[in-house]
Amino acid sequence: QAHLVESGGGLVQAGGSLRLSCATSARTFSPDVMGWFRQAPGKEREFVAAVSRTDGSTRYAESVKGRFTISRDNAEITVYLQMNSLKAEDTAVYYCAAGRYIYITTTETSYYRWGQGTQVTVSS
């Protein structure tokens with residue numbers, strides 16, 4: 001079974017940037033939609049962004065629009081999340097996930113395979 005492996009998390013000051021990566025462990029595993037979710041302490045996991053392999057379309061949570069950019073390298077089957085102008089409220093564990101469908105969705109149940117998560121901490 002293919003796995004998703006996130007990397008790139010860490011500690012950064014408010015206003016700084018981080019780039020998260022999510023790689024699949026098998027080249028045969030290339031879902032149409034890949035997404036990023038996050039879970040802050042004491043809160044439910046929430047949608048952050050998603051990208052479609054089919055047409056390159058993207059969708060973002062309102063809270064990250066204009067600051068985060070999701071992209072994917074289909075040749076390497078890797079998804080990236082470029083996070084700029086980070087805020088303390090962006091602190092969370094970030095998860096990469098593979099979508100069940102060929103269209104972008106924002107609900108957690110629409111994603112069926114998850115990475116182990118990577119911690120992002122933004123100090124104010």
Side-chain angles (χ1 to χ4, degrees):
Q1 176 172 320
H3 300 286
L4 300 176
V5 181
E6 302 100 334
S7 61
L11 173 64
V12 65
Q13 289 188 332
S17 299
L18 280 176
R19 188 194 197 204
L20 305 183
S21 299
C22 173
T24 63
S25 63
R27 288 188 174 275
T28 55
F29 179 64
S30 183
D32 288 300
V33 172
M34 294 291 292
W36 286 95
F37 286 73
R38 67 186 181 186
Q39 186 167 22
K43 295 187 177 181
E44 294 185 351
R45 190 152 54 183
E46 64 175 3
F47 172 80
V48 175
V51 59
S52 167
R53 180 185 64 176
T54 304
D55 59 7
S57 59
T58 57
R59 184 179 294 183
Y60 296 91
E62 287 296 324
S63 59
V64 307
K65 274 185 182 177
R67 301 188 298 122
F68 291 11
T69 302
I70 188 171
S71 61
R72 68 188 290 170
D73 180 337
N74 290 329
E76 296 299 324
I77 318 176
T78 302
V79 178
Y80 304 96
L81 185 68
Q82 177 67 43
M83 306 185 294
N84 298 328
S85 302
L86 283 162
K87 306 175 182 179
E89 50 263 44
D90 295 318
T91 295
V93 177
Y94 283 71
Y95 298 90
C96 173
R100 297 180 185 275
Y101 311 114
I102 60 172
Y103 49 88
I104 291 177
T105 59
T106 63
T107 57
E108 195 173 336
T109 55
S110 299
Y111 293 79
Y112 71 101
R113 193 159 297 171
W114 297 80
Q116 81 288 352
T118 184
Q119 177 70 47
V120 171
T121 303
V122 183
S123 62
S124 57

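All values derive from a computational prediction rather than experimental measurement.
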Between [X] and [Y], is any pair of side-chain heavy atoms under 4.5 Å apart?
X	Y	result
W36	C22	yes
Q119	T91	yes
R38	D90	yes
V33	Y101	no
T54	Y103	no
E6	Y94	no

Got a second to check how far [X]'s [atom1] is from [Y]'s [atom2], nearest 0.5 Å?
X	Y	atom1	atom2	value
S123	Q13	OG	CD	5.0 Å
C96	H3	SG	NE2	13.5 Å
I70	Q82	CD1	CD	12.0 Å
K65	T58	NZ	OG1	9.5 Å
M34	L4	CE	CG	4.5 Å

Co-membership, hydrophobic cluster, residues [X] and [Y], 4.5 Å side-chain:
X	Y	answer
Y112	V48	yes
V79	I77	no
Y95	I104	yes
Y80	V51	no

Looking at L18, V64, T121, which one forms a side-chain contact (heavy atoms from CB on, under 4.5 Å) with L86? L18

Counterpart residues, salt bridge (charged side-chain N to carboxylate O under 4.0 Å, His left out), relative to E44 (two or more places apart): none

Please walk me through it: do V12 and M83 pass side chain to side chain contact (heavy atoms under 4.5 Å, CB included)? CA-CA 11 Å; V12 65; M83 306 185 294; over 6 Å; no

Using every non-hydrogen atom in the two residues, find where A14 and S124 come nearest and quote the distance to one decimal.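 In this case the closest contact between A14 and S124 is CB-CA, 4.2 Å.
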
Can you see which heavy atom on L81 is nearest to which on A49, and at what distance?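 Here L81 and A49 meet closest at CD1-CB, 4.2 Å.
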
Identify whether NZ of Lys or CZ of Arg in R59 sits under 6.0 Å from the centre of the six-membered ring of F47 and within 45° of that ring's axis.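 No, R59 and F47 do not form such a contact.
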
Could you tell me if S30 and R53 have a donor-acceptor pair between their side chains, going purely by distance under 3.5 Å? yes

L11, CG atom: more than 12 neighbouring heavy atoms under 6.0 Å: yes

Is it true that a side-chain atom of Y60 and a backbone atom of G66 form a donor plus acceptor pair closer than 3.5 Å? no

Flag, side chain of R67 to backbone of S85, donor-acceptor distance under 3.5 Å: yes

Aromatic contact between Y111 and F37, with the criterion being ring centroids under 6.0 Å apart: yes or no?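 Yes, they do, as the ring centres are separated by less than 6.0 Å.
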
